[in-house]
Amino acid sequence: MAKKFTAIILTLAMLLSAFAIPASAATEVTSDFERGFYRFVDGLLDAVVTGISYLIVEPRGWATVDTYESENFYEGNDFIDEPAEGAKWTLGYANASILTGKELEEEHYVGGSLSVTKKLADEKRDDQKVRTIAVSDGRGITIFSSIDTFGLANNEVRIIREKFQAYADEKGYDITSINISALHQHSCVDTFGLNGDIVGALFTSSFRNLFGMELPSGKNKNYMENLYKVTVQSMIDAVEGMEEGNLYYGTVDITEYIRDKRAPKVFDGNLNRIRFVPSKAGATETWLINLPIHCVGNGAAGTMLTGDYPYYIEKYLNENENANFIQILGAELAVSSEYPEVLDLDPAIMNEYGDEGYARLAAYGTLLAKSAASIDNDVAITPILNIKHKEFFVPVENSIFKLAARGGLLTNEVVKDGLDYYAVSELGYAEFGTSLAISIIPGELAPEIAYGGAVTAADSWDGTDWKYTAFADATERTLLVFGITNDQVGYMMTDNDWRSYLTENEEIVSTGPEAGAVVADTYLTLFNEVN
């Protein structure tokens, strides 16, 4: 009952009270009567919150679907089946701190869960970074950057692209694609905006919108400007440091260290590694790690800044494997960590902080790093990098998101069509070599959309089947998902498994029940266009 009450408060408390995204497990609902009741109450809450949102004057700057103009979007390259004559892999790596040193002085909201009270950073333990690779098969340069952050909206990604492209134009570089991922850390500076001053945003937004003033959000301007600058510089450094070498793909099973909190229990149980070995003997390797585990080891409601478990993966690989590190999350909708019963806690961390939870987080990261280092099934990747992107509009049906959008807390670019709202987004499809495929997804994807196993009509909330082909079934290649890449549009579930705000965490922070279907349809359309 407490969780249901929290969910109701969450929906209404943007005006009335304090709230936090609930972190407990989903409420079990099996009867049609219960489902009908929850859906009925959801409808009432949606109507109330939507009504409240329409009391807020709409922002002046919103374009319509028909007048929207795309900028700083990269379509990708032409797909090839065989490497060009003399093709070789080249790759460059860079990383840099995105911290300004003023995180505890100026107001810096902390990502994770929402709070009406100001959730400002008050302790800093780990560095927060951007990590970048620039890679080419000889036909242009593709960039992947991954940032220690809760999320980054697509319009922020495009600001970074514009700034970097000015440099690339000056130098004459052929840039095929620029991709920026968020590691979705729940104990980092908020760069998405949704964790800001909710009360202030809602009670001042009408006045601000009416007079064309800037809306408040959880983003610190100085931090964001520094983020742009440092990320662009990391791209420059990666491009200028490109060298020849070979790429390899390998995996290790880490299923025992993964927990899926939501049925159906589907996830990629591998730690996937794309490893670059420079031709120059003794040079530092670069390891791209892909796995589906939420970075929530320090909880979601705290005010401490940490790098979560990726910080300790990097520390181990740098110190023990002569390897650079970059991580991109997979399809991780409700996928979290499963700590083994026994973890080897670092006594130095215990002595310094006296914090067993943080020490366990660190030990878990080290455990994953050792798993990555144990991979012994590497296969060489032929020098082919095909990549294609597609813009699309995600319908914003969730009344909470509508309210946040009008109040300035949802900072994605919004376009409208009558009374309907859409978030501008993009997704992509890439191929490395002849046997590896990558789905590039702009949010937190339900793994069953990618890998199959969606609930059947008999087990669904609406009595229907999921009608889309699983991404993995559409290709004969091994499929990886690069999630929360080039945008953060929340959770994306199968439409037949959309449940209730009152029973789940995921529905509360999804744009709506159509999000998963729109993503699946757009992705499969793109896939079929290039195959």
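Quick note: numbers below take in every heavy atom, side chains included, and nothing from hydrogens, waters or symmetry partners. Predicted model only: the values in this text are computed from it and were never measured.
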**side chain to side chain contact (heavy atoms under 4.5 Å, CB included) partners of Glu514, counting only residues at least two apart** = Pro395, Glu397, Val518
**Complete:** Which of Gln165, Lys388, Glu426, His389 passes side-chain hydrogen bond (donor to acceptor under 3.5 Å, both in side chains) with Tyr74? Answer is Gln165
**Prompt:** How would you list all residue pairs meeting side chain to side chain donor-acceptor pair (under 3.5 Å) that involve residues 521-531, not counting sequence neighbours?
**Reply:** Lys390-Glu529, Ser439-Tyr523
**Request:** Check ring pair (Phe, Tyr, Trp, His ring centres under 6.0 Å) between Tyr364 and all other residues, then give those that pass, not counting sequence neighbours.
**Result:** Tyr309, Tyr339
**Prompt:** Distance from Asn95 atom CG to Asn318 atom CG, nearest 0.5 Å?
**Reply:** 7.5 Å
**Asked** Angle class for the Phe144/Phe432 ring planes (parallel below 30°, perpendicular above 60°, tilted otherwise)?
**Response** tilted
**Asked** Does any donor atom in the side chain of Ser145 or Thr132 lie under 3.5 Å from an acceptor atom in the other side chain?
**Response** yes
**Sequence neighbours excluded - ring pair (Phe, Tyr, Trp, His ring centres under 6.0 Å) pairs with any residue from residues 225-258** = none
I'd like a table of donor-acceptor pairs (distance under 3.5 Å, sequence neighbours excluded) in which one partner is a side-chain atom from residues 238-246, with atom names and distances.
{"from": "Glu240", "atom 1": "OE2", "to": "Tyr167", "atom 2": "OH", "distance (Å)": "2.4"}

**Asked** Do the side-chain N and O atoms of His294 and Ser337 include a donor-acceptor pair separated by under 3.5 angstrom?
**Response** no
**Request:** Return yes when atom NZ of Lys229 has more than 12 non-hydrogen atoms of other residues, nucleotides or ligands closer than 6.0 Å, and no otherwise.
**Result:** no
**Message:** Between Glu431 and Arg477, does any side-chain N to carboxylate O distance fall below 4.0 Å?
**Reply:** yes
**Request:** Sequence neighbours left out, what passes side chain to side chain contact (heavy atoms under 4.5 Å, CB included) with Ala454? Give chain and number order.
**Result:** Glu448, Trp466, Thr494
**Asked** When you measure from the side chain of Asn486 to the backbone N and O of Ile180, does any donor-acceptor pair fall under 3.5 Å?
**Response** yes
**Item:** With sequence neighbours excluded, residues passing salt bridge (charged side-chain N to carboxylate O under 4.0 Å, His left out) with Glu314
**Value:** Lys129, Arg131
**Asked** What residue among Ile328, Leu152, Ile438 forms side-chain contact (heavy atoms from CB on, under 4.5 Å) with Thr485?
**Response** Ile328
**All side chain to side chain contact (heavy atoms under 4.5 Å, CB included) counterparts of Val110, not counting sequence neighbours** = Lys119, Ala121, Leu305
**Request:** For residues 289-309, pull every pair meeting salt bridge (charged side-chain N to carboxylate O under 4.0 Å, His left out), keeping only residues two or more places apart or in separate chains.
**Result:** none
**Prompt:** Do Arg125's NZ or CZ and the ring of Tyr358 fall within the cation-pi criteria of under 6.0 Å and 45°?
**Reply:** yes
**Prompt:** Hey, mind stepping through Gln128 and Asp148 against side-chain hydrogen bond (donor to acceptor under 3.5 Å, both in side chains) and telling me if it holds?
**Reply:** CA-CA 5 Å; Gln128 319 250 290; Asp148 287 328; 5.5 Å; no
**Request:** Look up atom CD1 in Ile147 and atom CD1 in Ile326, then write down how far apart they are to the nearest 0.5 Å.
**Result:** 10.0 Å
**Request:** Say whether Asn322 and Thr284, considering side chains only, have a donor N or O and an acceptor N or O under 3.5 Å apart.
**Result:** yes
**Complete:** Residues pairing under salt bridge (charged side-chain N to carboxylate O under 4.0 Å, His left out) where one sits in residues 284-302, two or more places apart or in two chains, turn out to be Arg275-Glu285
**Set of residues satisfying side chain to side chain contact (heavy atoms under 4.5 Å, CB included) with respect to Arg259, sequence neighbours excluded** = Lys261, Ser336, Glu338
**Prompt:** Is it true that atom CD of Glu476 has more than 12 heavy atoms of other residues, nucleotides or ligands lying nearer than 6.0 Å?
**Reply:** no
**Asked** Between Asn270 (side chain) and Asn272 (backbone), is there a donor-acceptor pair under 3.5 Å?
**Response** no
**Message:** Please list all pairs meeting salt bridge (charged side-chain N to carboxylate O under 4.0 Å, His left out) that have one or both residues in residues 174-189, counting only residues at least two apart or in different chains.
**Reply:** none
**Prompt:** Is it true that atom NZ of Lys124 has more than 12 heavy atoms of other residues, nucleotides or ligands lying nearer than 6.0 Å?
**Reply:** yes
**Item:** CZ on Phe393 to OG1 on Thr511, rounded to 0.5 Å
**Value:** 14.0 Å
**Message:** Can you tell me if Asp78 has over 12 outside heavy atoms packed within less than 6.0 Å of its CG?
**Reply:** no
